[in-house]
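Notes follow the structure.
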Amino acid sequence: MMISKPVYLNICLSACSLLSNISAGIHYCLISAGLLRLPLYILNAPGGVYKNLRNVWCTRFVRRIISALVRSPLRMSTFRLVNFSIPLPVDSGCIIVTCHTPWKRLLVQWCLKNDFALIIASGKWKQKKNRIQRQGLGFNELREIVRYLQQKGCLIIAADNFNNLKDCPVKFLTHQHNVSLLPARLAVLAEVPLFSVIPVLHKGKIYINYGPQFDPQKMNIDSCSVMQNIVSYMDTEIKNNPSIFSSFKN
């Protein structure tokens, strides 16, 4: 049974939709006048420039409202926006690989509420958020993460945290990078499946769409091929819908 959103969320989402139409119109005019430029992956995305700008702006407005709501007394009902229906294993841990998403704050708070996962992320998180953050550095911490996975824990890692090595080259949004092998190698060490997901705003809800999946116990695929496959999937999805990616700048 689908749980309806509170009235205040529907009002906020409607306001975001209206503002995104206005902002996209202004943005489109500035681009047409040559005063602003867009990345190629947005210019070439299906549906036309205006439609994609509208989606990007709508995501921006909704993200800011949600960032405020999850720090307010309304946070519990705000979690209704998250539609998480990935068929995760019940008898083992798993690794979830995603890209940098506009919905980071909402998903971090959702993970805290549901005691759902550890997250490998850089930087210093404050307050309760640091309970689920791991840097993924050093032998002792990696050993702790593997043990956590073997105890049916879930780990979330962003695939688009690229490094300066040359062991797994990928092309991501028209640029050459080297992707970290950490997610795939952790899956092999802990003998847990690896899922790739992308959160998408659609009709006022955050859907967690999933892509390629790998199980090291069932598939004999090297770590580099796994990560290249995942990055390729994310590259295609972002090019089809630029609003799902958080790193867009004017």
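Atom set for the values below is all heavy atoms of this structure, side chains included, hydrogens, waters and symmetry mates excluded.
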Can you name the closest pair of heavy atoms from [X] and [Y] and give their distance?
X	Y	result
M234	A159	SD-CB, 4.0 Å
Q133	A121	NE2-O, 3.0 Å
C224	C168	SG-SG, 2.6 Å
N163	S180	ND2-CA, 3.6 Å
I120	Q135	CG2-O, 3.8 Å
P216	P193	CD-CA, 4.2 Å

Do V197 and V97 pass the side-chain contact (heavy atoms from CB on, under 4.5 Å) test, and can you show the C-alpha distance, the side-chain angles, and the key distance before you say yes or no?
CA-CA 6 Å; V197 307; V97 181; over 6 Å; no
Kindly check if the number of other-residue, nucleotide or ligand heavy atoms within 6.0 Å of OH (Y210) is above 12?
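At most 12 heavy atoms, drawn from other residues, nucleotides or ligands, come within 6.0 Å of this atom.
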Side chain [X], main chain [Y], donor-acceptor under 3.5 Å:
X	Y	result
N21	S17	yes
E237	Y233	no
S77	L74	yes
N52	G48	yes
N114	W110	yes

Is any side-chain heavy atom of [Y] closer than 4.5 Å to one of [X]?
X	Y	result
Y41	P242	yes
L173	K239	yes
N83	I206	no
L81	W103	no
C154	L118	no
D160	T98	no
T101	I198	no
L69	R75	no

If you measure from [atom1] on [X] to [atom2] on [Y], what distance do you get to the nearest 0.5 Å?
X	Y	atom1	atom2	answer
Q109	I66	CD	CD1	12.0 Å
S196	N229	OG	CG	7.5 Å
R63	L201	CZ	CG	12.0 Å
L182	M227	CG	CE	8.5 Å
H202	N55	NE2	CG	11.0 Å
L43	I31	CG	CD1	7.0 Å

Cluster check [X], [Y]: I/L/V/M/F/W/Y, side chain < 4.5 angstrom:
X	Y	answer
L189	I230	yes
V188	L186	no
L30	Y50	yes
F79	Y8	yes
L181	I157	yes

Is it the case that the side chains of D222 and S225 hold a donor-acceptor pair, with the cut-off being a distance below 3.5 Å and no angle test?
yes
Distance-only polar pair, side chains of N178 and D167, donor-acceptor under 3.5 Å:
yes
I95 vs F195, test: side-chain contact (heavy atoms from CB on, under 4.5 Å). Steps then yes/no.
CA-CA 6 Å; I95 296 175; F195 297 81; over 6 Å; no
Please evaluate residues S14 and I11 with respect to the criterion side-chain contact (heavy atoms from CB on, under 4.5 Å), reporting the C-alpha separation (whole Å), side-chain torsions for both, the decisive distance (0.1 Å), and the verdict.
CA-CA 5 Å; S14 296; I11 294 173; 5.8 Å; no
With side-chain contact (heavy atoms from CB on, under 4.5 Å) as the criterion, how do I208 and L107 come out once you've worked through the C-alpha distance, each side chain's angles and the decisive distance to 0.1 Å?
CA-CA 10 Å; I208 312 298; L107 296 176; 4.2 Å; yes
Looking at W57, does the NZ or CZ of R60 lie under 6.0 angstrom from its six-membered ring centre and within 45 degrees of the ring axis?
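That pair qualifies as a cation-pi contact.
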Measure up the H177 and F162 rings against each other and bin them: parallel (under 30°), tilted (30 to 60°), perpendicular (over 60°).
parallel
State yes or no: are the ring centers of F172 and F245 separated by less than 6.0 Å?
yes
